[in-house]
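Hydrogens, waters and symmetry mates play no part in the numbers below; they use all other heavy atoms, side chains included. No experiment lies behind these values; they were computed from the predicted model shown. Order of the sequence lines sets the chain letters (A, B, ...), proteins ahead of strands, with each chain counted from 1.
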Amino acid sequence: MKLTREFEERISRLHLQNKVFGGVYSGRGQEAIAVGCCADLGPQDVVFPLHRDLGVFVVKGVEPGRLMAQILGKEGGLSRGKDSFLHAGDLSKGVFGGTSMLGATLPVACGAALKFKLRHEPYVAVAFFGEGASSRGDVHEAMNFAGVHQLPVVFVCENNRYAYSTPQSLQMAVEDVAERAAGYGMKGLVCSGNDLAAVLETMGRALRRARDGGGPTLVECKTYRYRGHSEHDPARYRTEEELLEWSTRDPIPRWELYLEARGRDVAKVRRETEAEVTRVVDEAVAFAEASPEPEGPEAFEDLYATPLAVPEAPEGPAAFEPEPPQLTH
Amino acid sequence: MPVATYLQAVNLALKEEMRRDPDVFVMGEDVAVLGGAFKATEGILDEFGPDRIIDTPISEALLVGAGVGAASLGLRPIVEMQFMDFISCGFDQLVNMAATARYRHGGGLRVPLVVRGPTGAGVHGALFHSQDPEAWFTRVPGLKVVAPATARDARGLLKAAIRDDDPVIFLEHKRLYRSVKEALPDEQEPEPLGVARLARGGSDVSIVTYGGTLPLCLAAAERLAAEGVDVEVLDLRTLLPMDFAAIARTVGKTGKLLAVHEDRRTGGLGGEILARVVEDLWDELDAPPRRVTAKDTHTPFAPTLEAFVLPSEDEIADAARGLAAY
Ligand SMILES: Cc1ncc(C[n+]2csc(CCOP(=O)(O)OP(=O)(O)O)c2C)c(N)n1
């Protein structure tokens with residue numbers, strides 16, 4: 001959690017220095033969800049993260065340097081400069097990158113889970129989505145299919161109460177997204193997304209069910225987006241009281257209290273992690289900044305696995321040699 | 001009226017039409033309280049109240065479908081796509097439901113729906129905030145597709161789109177939102193849909209373009225003027241139906257055609273323009289017609305990649321120069 005938070009702090013700083021030219025979406029306050037939901041996953045389990053889920057990449061073992069290079073649009077990034085921010089993946093680490101189209105990864109997660117089921121593989125697909133994205137048809141279609149086939153998939157709703165400026169009350173007429181699980185023939189679980197211990201426990205139940213052939217689960221993590229929708233958004237549509245209330249539920253101090261209650265020397269843990277976090281993030285920034293800009297013609301790379309070799313035809317500009325041939329017609 | 005940006009012109013047209021006609025209302029994601037991601041709908045909630053501008057769930061298929069329903073029963077919905085890229089999530093409702101509704105009802109139905117929003121590249125928006133979706137729709141009979149390139153046209157054409165009795169896709173180029181400004185009249189009538197506009201007169205080469213590439217074409221024409229090449233620039237404004245008479249007029253005058261758009265080359269509108277000119281105006285042509293477009297790949301994120309993919313003023317000037325010298 002500390003690593004993702006520090007990483008994001010650094011992105012914000014780079015953003016202020018105009019080194020990040022795309023949109024920047026912070027997951028500050030939601031770190032326990034991405035981290036907690038991936039903590040017990042193996043490399044073969046496939047995760048479908050959201051735009052705020054830096055923690056998914058980190059926990060699944062994607063190198064921080066490549067992540068930072070991704071965000072800066074450099075050659076060393078996961079998509080080698082092709083797409084922005086977290087629209088990228090690394091399937092070798094079990095991370096499937098999404099598009100911007102919200103909710104669109106859930107059907108894909110069903111396909112991954114279908115493969116696990118058909119091939120009797122003991123793995124799980126985990127797909128994240130916001131309460132805003134839950135309004136899309138793709139989400140409904142995915143959950144329905146997962147229920148019909150009892151697929152080994154966990155749908156994790158990060159309910160941070162706002163979709164850009166839109167409050168949950170304008171998004172849906174129910175209090176819990178998890179209520180919808182019943183309509184798809186699956187279990188719905190609700191937990192605090194700001195409490196890492198609760199996320200670990202709840203996700204543990206969902207993962208056990210999926211691995212034991214018990215089918216899909218919809219896990220809803222209640223949380224709050226500390227920053228604006230993106231770095232450009234001052235988020236004036238929220239109240240001071242609400243912000244204040246949620247600021248007391250920061251997942252990081254909460255986890256420290258949890259550790260302390262179990263006899264851990266938190267001051268020591270903090271010292272050790274802080275030094276390590278700073279080192280990792282420094283190295284990531286250094287790697288990303290040293291990574292070259294991609295070269296223009298690379299825009300044609302990575303379109304096809306097996307590009308078809310069509311016969312070469314002369315391109316338009318060839319027609320404009322200084323002495324063009326006369327048209328005959 | 002003082003100078004207005006393209007974005008302010010959109011905002012103005014929305015408000016003017018909402019004042020004029022109580023059946024006009026707006027639906028979209030974050031349009032009311034926030035005033036839209038680009039602020040195109042700013043101030044509408046304050047002036048018209050929550051029945052006239054509705055913040056919806058993230059449901060593009062619903063937005064278009066509900067738009068069709070409300071329009072069919074006599075309202076005039078304006079649906080905003082937060083980015084036009086997301087129109088693909090409402091594709092079925094547009095190409096199957098909206099475009100065929102009247103046809104299926106034996107002409108006994110009108111669908112006065114506008115689907116509008118920011119389109120286009122050049123702002124490092126990457127794969128899903130840069131798309132130019134016009135060619136997905138310009139082959140769908142029953143739809144109208146409009147793409148203004150000036151503030152005046154943004155206002156005049158949007159008014160016409162709102163008053164039109166058919167589904168109109170209204171493409172606002174996001175790079176023009178704040179970069180294009182001009183003095184607008186206090187009162188402005190709707191600009192007729194389906195009519196192109198001569199953006200610059202000339203006699204040597206005709207450039208036919210629309211939307212985001214108009215400023216690039218005008219700048220290239222300016223450069224060529226200094227070299228003694230007189231370029232005419234036609235701004236199509238409406239893409240479906242297309243004002244082919246205006247294309248024929250300019251090609252008849254210069255005999256040389258360059259079609260320019262930011263959308264990709266293969267399957268882009270330039271191909272359609274060239275095909276019709278070659279079919280119908282072969283004898284008028286003094287040179288093989290040409291296209292300058294984006295390259296046939298996705299619009300990538302890194303500035304080096306994006307600049308490589310998108311059409312540039314240099315490419316337009318080179319192509320026009322080549323045609324002039326032919
Ligand atoms: C299909 C689609 N429509 C609209 C958008 C624009 N958009 C980007 S993020 C966002 C809000 C997302 O809210 P939520 O799903 O709750 O996730 P959060 O950002 O709160 O984490 C919107 C409307 C989009 N990316 N995709």
Given a strict heavy-atom distance threshold of 4.5 Å, which part of [X] is in contact with chain B: side chain, backbone, both, or neither?
X: A:Glu75; answer: neither
X: A:Ala163; answer: both
X: A:Gln168; answer: neither
X: A:Leu170; answer: both
X: A:Arg80; answer: backbone

Counting heavy-atom pairs under 4.5 angstrom with chain B, the leader among A:Ser79, A:Gly73, A:Ser84, A:Gly22 is A:Ser84
Measuring from [X]:[atom1] to [Y]:[atom2], what's the distance to the nearest 0.5 Å?
X: A:Asp138; Y: B:Cys89; atom1: CG; atom2: SG; answer: 6.5 Å
X: B:Glu29; Y: A:Ser135; atom1: CD; atom2: OG; answer: 8.5 Å
X: B:Ile58; Y: A:Glu131; atom1: CD1; atom2: CD; answer: 7.5 Å

Closest non-hydrogen atoms of B:Ser59 and A:Arg136, given as atom of the first, atom of the second and distance, are OG-N, 4.5 Å
Expected contact set for residues 298-311 of chain A against chain B at heavy-atom separation under 4.5 Å reads A:Glu298, A:Ala299, A:Phe300, A:Leu303
[X] [atom1]: over 12 foreign heavy atoms closer than 6.0 Å:
X: B:Met27; atom1: CE; answer: yes
X: A:Glu240; atom1: CD; answer: no
X: A:Glu295; atom1: CD; answer: no

task = Indicate yes or no: at least one non-hydrogen side-chain atom of B:Gln82 is less than 4.5 angstrom from one of A:Tyr164.
result = yes
A side-chain contact here means heavy atoms from C-beta on lying under 4.5 Å apart; do A:Phe85 and B:Phe301 qualify?
no
| Test log, rule side chain to side chain contact (heavy atoms under 4.5 Å, CB included), inputs A:Ser100 and B:Phe86 | CA-CA 9 Å; A:Ser100 286; B:Phe86 305 131; 3.9 Å; yes
Contacting moiety of [X], where chain A heavy atoms sit under 4.5 Å:
X: B:Thr56; value: backbone
X: B:Asp85; value: both
X: B:Glu306; value: neither
X: B:Ala37; value: both

Exercise for review: Report yes or no: do A:Ser165 and B:Asp30 form a side-chain donor-acceptor pair below 3.5 Å?
Suggested key: yes
Residue set satisfying salt bridge (charged side-chain N to carboxylate O under 4.0 Å, His left out) with B:Glu272, at least two apart, ordered chain then number -> none
Of the listed B:Ile54, B:Asp296, B:Asp318, B:Val309, the one with the largest count of heavy-atom pairs under 4.5 Å with chain A is B:Asp296
